[in-house]
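As structure tokens, the structure follows; a few thoughts come after it.
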Amino acid sequence: MRLWKSADPARKAISTIMLASATVVALAGSAQVAHAADAASTATVAWLRDGQVEVRSLNSQDSKFTEQKIPLGSLWKLFVYAYLQDNHIQEAAYTCTNKKDLRENFREKQEKNEDLYCCEPGEQVERDSALARSCAPYFSPARLGVNDKAWKSYWQSRSDASWLQRTAQLQPDTQISVKELLETLNKFSPQARAAARTALLETAVQGYGREAWAQLGTGIRYKTYSWHLPDNSAFGGAAGWLADGTPFWFGARGSSRSTLTTWASALATTLPVPRWIGINNMDNVGDEAHCVDVDFFARYPLREVLSTSAASAPARAGTLSGKYKLQFANGNSLDINSNGSLMLQRSPGMAPQVTGRFAVNDYVARVIDREGDASNIQAARSLAIAARTYLVQNATLDHGCWRIADTTTRQRVSANAPTDAAMAAAWFTDDLILQGANIRYHNDSAGANRMSLKEATRQANQGWNFERILATSYSQASIASFNGKSDCKPLAAAQTWLSKASSKWQKVLSREPGFESPDTPPTVCSLASGNPYSDQKRMRIYVRGWRSLDERITLAHEYLHLALRFHPNGANEDYVEKIARRLIEGST
């Protein structure tokens, strides 16, 4: 990452934190979390389930937490967001001023790095993106004209926390307990939580959580925060909800980005497994915005549907709940166990028909069970994103739901309730699709934009994660969300320039020990917010442009982080900056 001429403190924080071992220690009952200044050496995660707060230390065997508090940080914006949502307020977008003004005038000096990247000067940002980008000026109660009386009335019915009774207390340095925070997050209305989850997807895929999301998934949604401790070190993390609505909080020494990057693996194995029961069916999927209607057995007409729990009598029209035997016109039969998501339709003179209405993740899980192997985690996650994309690209919208047939010429869908493993893969990739290619897949035949499921399984068994599998199978596509936001908006002109320029740099760079030209040209993506950076796993560079001298130096800088990734000083910002300037300024 190029922070102009200064070294990136987040990289230093990462190297310091990684010296600690990750040992999990359980504490049940009330939230017992040390003051941030005292607990900064401890990476801690806590969640609320069944009325009990559970705490885990990720890097210490010391379970002696004290009843002290943590700074609210930028999490205050979540509560303003919920207030706006539930009160149906239509506020004006925020127009970004110049960055110098933000540094000098906005009261939250410690959050200035977040404030700087609400949007570019003169541009506007709206509510969802403002939350994902942690845009403090947007959520200023004074700007929004939030009335203290209305604010207090709204939150008194949801929380006893004293810091939520007046807008003046919405300060990053306000001290709160983790228990109060989790209990308040748990009281968000289903509508506010669903809206916040939708907005916060941008945080995971494009924002400060981008290095961690491939390990944490997108079923988990969170707002990041960072705060400076008295010793001038950073303390940061995230808070939000798991897929089933369980509220959680995480904190450790470092910025929000560095802590998530460092502790993503430990978090993924420590956070509780979501309870899939209760979020399978359409009646309980408040966080999902879409439904899917499936016409089952479109190419194989049914002769009869028998209820095995009623002495094999013909099943009555209506909801199918329980065990049934499906008899097909071709003589074959199939035993199913329906959880109430299937409907049997009978019309005089017509063959019986079975349809299903599912939440999107329920549908995706059924495709995984029918088409793939849910026990192979990375291959199942790859198929989940491909199947969800196929649905969006090929289904029709009918009365608010996607409609698609269960057939070999479309996607095959299991009539049985999905397995837990398939549901886990679907929710891990919640809301994600692919953009930029017409997505297909086949059991054993790969091709252009067509993933082979057998090859994906083989790759997963070799240690590939789902992102790498998808990048290889769909080289022209990028991961995006249902709302159309992609994790990479290509800067084609910048990539063309870099391709030509980097070929001229080879002679100079070949003298640098450890230089290794990337096997494939890096993809140059448009940076929406934050500092320019390079992603070594996906071989991508995120920048704002390439036309000015400084933008070209930045682009060269991030390219060098990829090309010198095996160099002993490849992460040294000063060393990389020096070479980048020599390459660009020496060629102009």
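When a residue number appears, it is its place in the shown sequence, counting from 1. Both backbone and side-chain heavy atoms feed into the values below; hydrogens, waters and symmetry mates do not. In this text, all values refer to a predicted model and were calculated from it rather than measured experimentally.
The two residues L185 and P247 come nearest to each other via the heavy atoms CB-CB, 3.8 Å. Counting all heavy atoms, side chain and backbone alike, F296 lies closest to L342 at CE1-CD2, 3.5 Å. Pairing each heavy atom of A238 with each of F248, the nearest pair is O-CE1, 4.2 Å. The two residues S307 and Y324 make their nearest non-hydrogen contact at CA-CD2, 3.7 Å. Taking each heavy atom of L131 and A199 in turn, the nearest pair found is CD2-CB, 4.1 Å. Residue A422 comes nearest to D369 through the heavy atom pair CB-OD1, 3.3 Å, listed as atom of the first residue, atom of the second, then distance.
Side-chain contact between I479 and E467: present, with at least one pair of heavy atoms (C-beta onward) separated by less than 4.5 Å. Within the 4.5 Å cutoff, the side chain of L84 has heavy atoms near those of the F139 side chain. Within the 4.5 Å cutoff, the side chain of K325 has heavy atoms near those of the S333 side chain. In this structure, R357 and S341 have side chains that are not in contact, with every pair of non-hydrogen atoms separated by 4.5 Å or more. Counting only heavy atoms from C-beta outward, the side chains of L58 and F250 approach each other to under 4.5 Å. With a 4.5 Å cut-off on side-chain heavy atoms, N443 and S445 do not count as touching. Within the 4.5 Å cutoff, the side chain of I385 has heavy atoms near those of the F466 side chain. In this structure, the side chains of R158 and T184 stay at 4.5 Å or more apart for every pair of heavy atoms.
Under the ring pair (Phe, Tyr, Trp, His ring centres under 6.0 Å) criterion, F79 pairs with W155, W163, F188, not counting sequence neighbours. Contacts of N394 classified as side-chain hydrogen bond (donor to acceptor under 3.5 Å, both in side chains), with partners at least two apart in sequence or in another chain: R410.
Side chain of K323 to main chain of N337: no donor-acceptor pair is present (N/O by atom type, distance under 3.5 Å, no hydrogens or angles). Counting only distance, with no hydrogens or angles, the side chain of T270 and the backbone of A266 share a donor-acceptor pair below 3.5 Å. Looking only at distances, no side-chain donor or acceptor of R412 sits under 3.5 Å from a matching main-chain atom of T408. Under the 3.5 Å distance criterion, the side-chain polar atoms of T457 are matched with a main-chain donor or acceptor of L453. For the pair T472 (side chain) and R468 (backbone), a donor-acceptor distance under 3.5 Å is present. Judged by distance alone, the side chain of R388 and the main-chain N or O of A426 form a donor-acceptor pair under 3.5 Å. A donor-acceptor contact shorter than 3.5 Å links the side chain of S382 to the backbone of Q378. Checked by atom type and distance alone, the side chain of S481 never pairs as donor or acceptor with a backbone atom of L201 at under 3.5 Å. For S57 (side chain) and T44 (main-chain N/O), no donor-acceptor pair under 3.5 Å exists by modelled atom type. A donor-acceptor pair is defined here as one N or O able to donate and one able to accept, closer than 3.5 Å; such a pair exists between the side chain of S177 and the backbone of E180.
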Worked check of side chain to side chain donor-acceptor pair (under 3.5 Å) between Q85 and R127: CA-CA 10 Å; Q85 287 292 139; R127 187 187 300 174; 2.7 Å; yes

Trace of the side-chain contact (heavy atoms from CB on, under 4.5 Å) decision for Y138 with E91: CA-CA 10 Å; Y138 185 100; E91 74 277 13; 2.4 Å; yes

Check against side-chain contact (heavy atoms from CB on, under 4.5 Å), V55 and W47: CA-CA 7 Å; V55 181; W47 61 86; over 6 Å; no

Derivation of the side chain to side chain donor-acceptor pair (under 3.5 Å) call for Y225 and W249: CA-CA 11 Å; Y225 68 90; W249 169 88; 3.0 Å; yes

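Separating the CZ atom in R366 from the CG atom in N416 is a distance of 7.5 Å, to the nearest 0.5 Å. Here D406 contributes atom CG and T355 contributes atom OG1; the two are 11.5 Å apart, rounded to the nearest 0.5 Å. Taken from CG in L271 to OG1 in T246, the straight-line distance is 9.5 Å, to the nearest 0.5 Å. Considering CG of L434 and CD of Q393, their distance stands at 8.0 Å, rounded to 0.5 Å. Of the inter-residue distances, the one linking R221 atom CZ with T203 atom OG1 reads 9.5 Å to the nearest 0.5 angstrom. Residue M423 holds its CE atom at 6.0 Å from CG of N361, rounded to the nearest 0.5 Å.
Here E183 pairs with K179 in a salt bridge; the nearest charged N to carboxylate O distance falls below 4.0 Å. With respect to the salt-bridge test (charged N to carboxylate O, under 4.0 angstrom), the residues E202 and R133 qualify. A salt bridge links E304 and R346; the closest N-O separation between the charged side-chain nitrogens and carboxylate oxygens is under 4.0 Å. Salt-bridge check for R49 with D244: passed, with a basic side-chain N closer than 4.0 Å to an acidic carboxylate O. Salt bridge status for R275 with D50: present, with a side-chain N to carboxylate O gap under 4.0 Å. The existence of a salt bridge linking D86 and R193 is excluded, since no basic side-chain nitrogen approaches an acidic carboxylate oxygen closer than 4.0 Å.
Residue L144 qualifies as enclosed at atom CG: its count of foreign heavy atoms under 6.0 Å is above 12. Around CD of E126, the count of heavy atoms belonging to other residues, nucleotides or ligands within 6.0 Å does not exceed 12. Residue D160 qualifies as open at atom CG: its count of foreign heavy atoms under 6.0 Å is 12 or below. Remark: R316 CZ is loosely packed, at most 12 non-hydrogen atoms of other residues, nucleotides or ligands lying under 6.0 Å away.
A cation-pi arrangement is absent between R540 and Y542 under the rule of less than 6.0 angstrom and at most 45 degrees off the ring axis.
Under 3.5 Å, the side chains of T409 and T407 contain a donor-acceptor pair of N or O atoms. In this model, a donor atom of one side chain and an acceptor atom of the other lie less than 3.5 Å apart for Y363 and Q411. When only modelled atom types and interatomic distance are considered, S265 and Q215 share a side-chain donor-acceptor pair under 3.5 Å. If you check the side chains of D128 and Y81, you find a donor sitting under 3.5 Å from an acceptor. No side-chain donor-acceptor contact under 3.5 Å links R403 and T396. Donor-acceptor pairing under 3.5 Å is recorded for the side chains of N376 and N461.
Using cut-offs of 30° and 60° on the angle between ring planes, the pair Y83 and W151 is tilted.
Aromatic ring centres of W402 and Y390 lie farther apart than the 6.0 Å criterion allows.
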